[in-house]
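Working notes, structure below.
None of the values given here were measured: they were computed from a predicted structure. Each residue takes its place number in the sequence, starting with 1.
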Amino acid sequence: MTCFKVSKEWMEKNVLTNPAVTAALDAKARRIAPIVQRIALKEGAREYAESVRIHSGRRPGVKSPTHIARPYARVIIGDEHATEKEYGSKHYPKKGFLRRAVAEAG
């Protein structure tokens, strides 16, 4: 059995800068964002639904032991009270819009 050693250059070329990898990350975020909006609108949270956006980029890799900067795509909620609406607080009940959208998207 041969051992395959992954070098930093191989990882950079085949994974981190690969357009297929970044396209897959973006596609997942683009699939989840409208589901979040639909769930929020159905629950009556119009401001929450209108503030949904997608952000793509590369993590700096500073905390990583290998210092590899990995690509990411996130669904970001710009609503001022998004965290309280997602997880609940004394002023807002727990809604879990993002959690429910990820579960629905599969």
Side-chain angles (χ1 to χ4, degrees):
M1 180 190 225
T2 60
C3 184
F4 181 72
K5 181 139 175 123
V6 176
S7 68
K8 193 171 185 176
E9 293 79 25
W10 184 91
M11 182 71 84
E12 182 71 33
K13 177 184 169 195
N14 293 305
V15 177
L16 303 175
T17 58
N18 190 334
V21 171
T22 55
L25 291 168
D26 287 339
K28 179 82 172 188
R30 281 193 310 271
R31 195 169 77 231
I32 292 173
I35 297 172
V36 172
Q37 289 175 326
R38 179 178 47 81
I39 292 171
L41 286 172
K42 191 161 60 168
E43 298 277 331
R46 185 170 214 58
E47 299 84 23
Y48 189 97
E50 290 173 350
S51 69
V52 174
R53 67 185 197 284
I54 297 171
H55 183 263
S56 300
R58 289 176 66 92
R59 290 181 175 88
V62 176
K63 294 181 180 179
S64 169
T66 57
H67 299 289
I68 293 177
R70 298 175 294 147
Y72 69 87
R74 291 187 183 133
V75 175
I76 298 194
I77 313 300
D79 186 9
E80 182 179 338
H81 303 288
T83 303
E84 288 116 2
K85 290 176 182 176
E86 182 72 20
Y87 300 110
S89 70
K90 65 179 182 178
H91 300 291
Y92 296 98
K94 179 179 179 180
K95 296 290 187 175
F97 299 128
L98 284 168
R99 175 186 46 81
R100 290 162 45 194
V102 169
E104 188 176 315

Listing request: all salt bridge (Lys or Arg N to Asp or Glu O under 4.0 Å) pairs with a residue in [range], at least two apart in sequence or in separate chains.
range	answer
residues 44-55	R46-E50
residues 56-71	E12-R58
residues 72-85	D79-K85

Provide the closest heavy-atom pair for [X] versus [Y] in the form atom of the first, atom of the second, distance.
X	Y	answer
S51	I77	OG-CG2, 3.4 Å
A101	V36	CB-CG2, 3.3 Å
A69	P60	CB-O, 4.0 Å

Within [range] or reaching into it, pairs that qualify as ring pair (Phe, Tyr, Trp, His ring centres under 6.0 Å) - sequence neighbours excluded:
range	result
residues 12-39	none
residues 16-65	Y48-F97, H55-Y72
residues 23-44	none

Task: Side chain to side chain, V21 and L16, heavy atoms closer than 4.5 Å - done: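 No - every pair of side-chain heavy atoms lies 4.5 Å or more apart.
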
Task: All salt bridge (charged side-chain N to carboxylate O under 4.0 Å, His left out) counterparts of R100, not counting sequence neighbours - done: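 Testing R100 for salt bridge (charged side-chain N to carboxylate O under 4.0 Å, His left out), a comparison that skips the adjacent residues, returns E43.
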
State which residues pass side chain to side chain contact (heavy atoms under 4.5 Å, CB included) with [X]; sequence neighbours excluded, sorted by chain then number.
X	answer
A27	R30
Y87	T83
A29	I54, A73, V75

- [ ] Could you list the residues that satisfy side chain to side chain donor-acceptor pair (under 3.5 Å) with S56, not counting sequence neighbours?
- [x]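 So S56 forms a side chain to side chain donor-acceptor pair (under 3.5 Å) with D26.
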
Task: Test side chain to side chain donor-acceptor pair (under 3.5 Å) applied to E104 - qualifying residues, sequence neighbours left out - done: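 Per chain and number, E104 pairs via side chain to side chain donor-acceptor pair (under 3.5 Å) with R38.
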
